[in-house]
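Order of the sequence lines sets the chain letters (A, B, ...), proteins ahead of strands, with each chain counted from 1.
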Amino acid sequence: MLRTHTNGELNITHKGTEVKLCGWIQRSRDLGGMTFVDLRDRYGITQLTFNMEVNANLCEQIRALGRETVIAVSGKVEERSNKNAKMPTGDIEIIVDEIQVLNKAKTPPFTIEDHSDGGDELRMKYRYLDLRRDCVRKNLELRHRIGIETRNYLNDLNFIEIETPFLIKSTPEGARDFIVPSRMNPGEFYALPQSPQSYKQLLMVSGFDRYFQIVRCFRDEDLRADRQPEFTQIDCEMSFVTQEDILDTFEALAIYLFKKIKGITIDKLARMTYADAMKYYGSDKPDTRFGMRFIELTNQVQNHGFSVFDQAELVAGICVEACSEYTRKQLDELTDFVKRPQVGAQGLVYIKCNTDGTYKSSIDKFYSSDQLQSIALTCQAKAGDLILILAGNRNKTQKALGELRLEMGNRLNLRNPNTFSLLWVVDFPLLEWDEDCKRFFAMHHPFTAPKPEDQNMLETDPGKVRANAYDMVINGVEVGGGSIRIHDRELQKRMFKALSFTEEEAQKQFGFLMDAFEYGAPPHGGIAFGFDRLCSLFGGADSIRDFIAFPKNNSGRDVMSDAPSTVSEVQLKELALSLKK
RNA sequence: GGUUCGGUAGUUCAGUUGGUUAGAAUACAUGCCUGUCACGCAUGGGGUCGCGAGUUCGAGUCUCGUCCGGACCGCCA
């Protein structure tokens with residue numbers, strides 16, 4: 001046996017014990033007569049002590065070893081004369097009598113510490129070293145615990161985990177598929193699943209009325225800090241349920257996880273309709289940790305000669321508390337912010353509600369002091385507040401004001417990663433009009449059930465139909481989404497028709513599912529949580545990358561292994577593929 | 001496909017209106033040091049300033065192109 005204990009467990013009660021320890025040399029402190037070495041493993045750090053007077057040979061031996069060398073030592077646990085209260089093993093040290101070098105290490109390109117001197121790119125290239133760092137390892141441990149607790153919770157409710165295939169049929173709806181050529185079927189391709197959607201619905205038809213799977217999903221779209229080409233979902237489906245049952249079951253899961261993992265008590269989740277989310281926050285995933293809801297001003301401000309407002313479909317503002325002292329420079333910064341192409345506003349109007357009761361605005365020329373006061377009243381602005389107003393096309397203005405609201409939240413530190421605000425956004429539209437393709441697309445996916453009371457509009461006014469679809473939003477992050485599914489072949493047919501599918505196309509792509517609906521499909525619905533996002537949220541981070549052991553970079557590359565890469569002519573030939581020169 | 005920021009020592013960064021030999025910290029190496037725990041002190045090595053072209057007497061610095069990386073928009077049912 002190479003080790004009797006880990007480096008995190010020894011304490012004063014082990015005093016006098018002969019132990020064997022293994023690990024990596026974190027750091028050594030050579031004081032001349034004595035040398036101290038921090039030995040590290042997954043569990044912690046234990047100090048090894050070497051004394052020139054006691055064993056000069058051993059001292060010389062340990063001094064010759066660089067950091068990250070893997071060693072095994074044997075020795076005796078002793079009480080330290082100078083204790084270190086900052087570490088769990090700080091009361092003891094090991095008086096080493098034998099060292100075995102298990103493997104030498106080159107000097108690592110960055111320091112293996114919480115505040116490493118390595119940049120992101122370098123850390124990703126040497127990810128196996130990066131993962132030795134405490135803070136990164138803890139993220140993966142957190143991920144593990146969230147996974148275990150999720151399984152415990154769902155298992156207790158009779159959910160069973162069933163694996164579904166990774167090599168499946170490609171469908172053109174939704175995100176781009178990752179495509180896998182089939183050697184045995186030349187010219188034909190599998191796709192990697194964007195989600196196990198069809199399979200979990202088929203499992204409902206099979207009678208597995210409570211299914212879940214913590215499963216990898218694949219989407220060939222551009223990446224973001226919170227988007228990877230392969231990511232993990234907690235994928236769930238239930239039969240014989242209403243939307244209410246699903247919301248109850250899975251908000252209880254979220255509450256359970258917050259309690260178990262973070263020790264935080266969360267009350268029942270608020271519900272907000274999609275329409276309200278857009279109207280008050282300009283986003284279908286509002287960050288409700290802070291207020292600053294939109295106030296519509298269109299009617300109030302029009303017809304006073306300010307053409308920007310007069311021509312706007314929507315004029316709306318937010319009231320920023322205690323910022324009337326903002327300088328010209330700060331306001332210019334905000335104007336630049338909203339004018340960035342990513343935000344897309346034409347300009348920014350401000351009204352300062354000065355503490356002396358006067359008003360100063362960028363539209364003084366068009367509005368009297370009384371009129372500014374009445375706008376301030378509508379916005380419920382107090383003396384000392386700042387009102388920021390955008391105007392223009394309804395959708396664009398909502399979106400831009402939503403971005404501005406988040407920016408102000410950031411500037412005013414209202415987005416504390418350690419406070420959590422959870423809500424359901426419900427009543428999403430079923431369909432979304434695409435101007436380029438001149439057709440409707442499913443906002444969620446084509447199997448989402450319309451609300452029964454809206455079904456009759458499916459043919460007459462499809463854009464108005466609301467869906468039995470819902471998202472769980474935490475701190476402005478969409479952590480999960482789902483819907484009640486269509487389980488009736490006729491309704492599914494009408495849905496495909498609304499999506500401009502011909503019967504042949506629908507049959508070719510989803511015939512297996514619609515066929516299944518004819519053999520006794522129970523009413524069902526489900527939800528899928530973004531597991532990586534949930535982990536990053538619990539870990540208080542914006543990026544999901546540090547919660548994934550081996551993530552891809554911005555351009556979808558694994559910089560460590562340098563995937564993707566070219567393949568040999570032989571491989572291409574076997575797959576009956578040729579590359580365009 | 002687009003916007004934007006960045007690329008200088010092993011690493012993280014600084015580098016003024018273009019101007020002598022490109023700096024700091026840290027890491028590394030060597031020496032000294034018996035209670036350190038971010039040990040301390042001293043000395044030393046370490047640079048194709050991403051790459052290419054251009055402007056200039058002169059480019060790390062300016063211009064254009066290109067490659068790489070980050071954030072974002074589009075995209076992500």
Starting from [atom2] on [N], measure out to [atom1] on [X] and report it in whole angstrom.
X      : N      : atom1 : atom2 : result
A:I112 : B:rU12 : CD1   : P     : 14 Å
A:I95  : B:rG35 : CD1   : P     : 14 Å
A:K396 : B:rC73 : NZ    : P     : 16 Å
A:F337 : B:rC72 : CZ    : P     : 12 Å
A:E60  : B:rU30 : CD    : P     : 12 Å
A:R63  : B:rC39 : CZ    : P     : 16 Å
A:N55  : B:rU34 : CG    : P     : 17 Å
A:E79  : B:rG35 : CD    : P     : 18 Å

Salt-bridge present ([X], [Y]; N to O < 4.0 Å):
X      : Y      : value
A:R340 : A:D336 : no
A:D130 : A:K125 : no
A:R123 : A:D546 : yes
A:E113 : A:R67  : no
A:K451 : A:D427 : yes

Base-pairing assignment for [N] (Watson-Crick or G-U wobble, both under 3.5 Å):
N      : value
B:rG74 : none
B:rU63 : B:rA53
B:rA25 : B:rU11
B:rU16 : none
B:rU30 : B:rA42

So what does [X] touch, heavy atoms closer than 4.0 Å: a base, only the sugar-phosphate, or nothing?
X      : answer
A:K125 : nothing
A:F36  : base
A:L122 : sugar-phosphate
A:P109 : sugar-phosphate
A:D30  : base
A:R545 : sugar-phosphate
A:E121 : sugar-phosphate
A:E432 : nothing
A:S195 : base

Legend entry - 5′-ward residue of the pair A:D226/A:H445 relative to RNA chain B: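 The residue mapped nearer the 5' terminus is A:D226.
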Inset, instruction - Would you mind telling me which residue lines up with the more 5' stretch of RNA chain B, A:N553 or A:E53, judged by nearest nucleotide? - result: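 Nearer the 5' end of the strand: A:E53.
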If the [atom1] atom of [N] is compared with that of [M], how far apart are they to the nearest Å?
N      : M      : atom1 : value
B:rG44 : B:rU8  : P     : 26 Å
B:rA27 : B:rC64 : C1'   : 38 Å
B:rA22 : B:rC5  : P     : 30 Å
B:rU16 : B:rC62 : P     : 9 Å
B:rG74 : B:rU20 : P     : 47 Å
B:rC68 : B:rU21 : C1'   : 31 Å
B:rA38 : B:rG18 : P     : 45 Å
B:rC51 : B:rG7  : P     : 13 Å

Given [options], identify the nucleotide with an atom nearest to the side chain of [X].
X      : options                : result
A:K86  : B:rA38, B:rU36, B:rU34 : B:rA38
A:A225 : B:rU3, B:rA71, B:rC37  : B:rA71
A:D222 : B:rG70, B:rC76, B:rG1  : B:rG1
A:K399 : B:rC37, B:rC39, B:rG74 : B:rG74
A:R340 : B:rC75, B:rU34, B:rC72 : B:rC72
A:Q342 : B:rC75, B:rU36, B:rC72 : B:rC72
A:S81  : B:rU3, B:rC37, B:rG35  : B:rG35

Is there a donor N/O on one and an acceptor N/O on the other, under 3.5 Å, for the side chain of [X] and the base of [N]?
X      : N      : answer
A:N82  : B:rU36 : no
A:R219 : B:rC75 : no
A:R80  : B:rC37 : yes

Inset, instruction - Say whether A:S195 and A:Q233, considering side chains only, have a donor N or O and an acceptor N or O under 3.5 Å apart. - result: no
Legend entry - Residues in side-chain contact (heavy atoms from CB on, under 4.5 Å) contact with A:N103, at least two apart in sequence or another chain: A:V70
Inset, instruction - If a protein heavy atom is under 4.0 Å from the base, mark B; if only from the sugar-phosphate, S; if neither, -; do that for nucleotides 24-29 of chain B going 5' to 3'. - result: ---SS-
Legend entry - Which atom of A:R545 lies closest to which atom of A:K552, heavy atoms considered: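 Heavy atoms of A:R545 and A:K552 come nearest at NE-O, 3.7 Å.
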Legend entry - Pair A:V73-A:I62, side chain to side chain contact (heavy atoms under 4.5 Å, CB included): steps then yes or no: CA-CA 11 Å; A:V73 297; A:I62 196 72; 5.8 Å; no
Inset, instruction - Please report the C-alpha distance between A:M408 and A:R415 in whole Å, then the side-chain angles of each, then the deciding distance to 0.1 Å, and finally whether the side chain to side chain contact (heavy atoms under 4.5 Å, CB included) criterion is met. - result: CA-CA 10 Å; A:M408 295 315 296; A:R415 305 183 74 193; over 6 Å; no
Inset, instruction - Nearest 0.5 Å please: distance from the NZ atom of A:K76 over to the NE2 atom of A:H14. - result: 15.0 Å
Legend entry - Phosphate OP1/OP2 of B:rC39 contacted by A:R29 side-chain N/O (<4.0 Å):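 Answer yes for this pair, as a side-chain N or O of A:R29 is under 4.0 Å from OP1 or OP2.
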Inset, instruction - Kindly say if A:N554 contacts the phosphate of B:rA71, meaning a side-chain N or O under 4.0 Å from OP1 or OP2. - result: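 Checking A:N554 against B:rA71: at least one side-chain N or O falls below 4.0 Å of OP1 or OP2.
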Legend entry - Pair A:D235-A:Y211, side chain to side chain contact (heavy atoms under 4.5 Å, CB included): steps then yes or no: CA-CA 8 Å; A:D235 190 54; A:Y211 143 94; 2.9 Å; yes
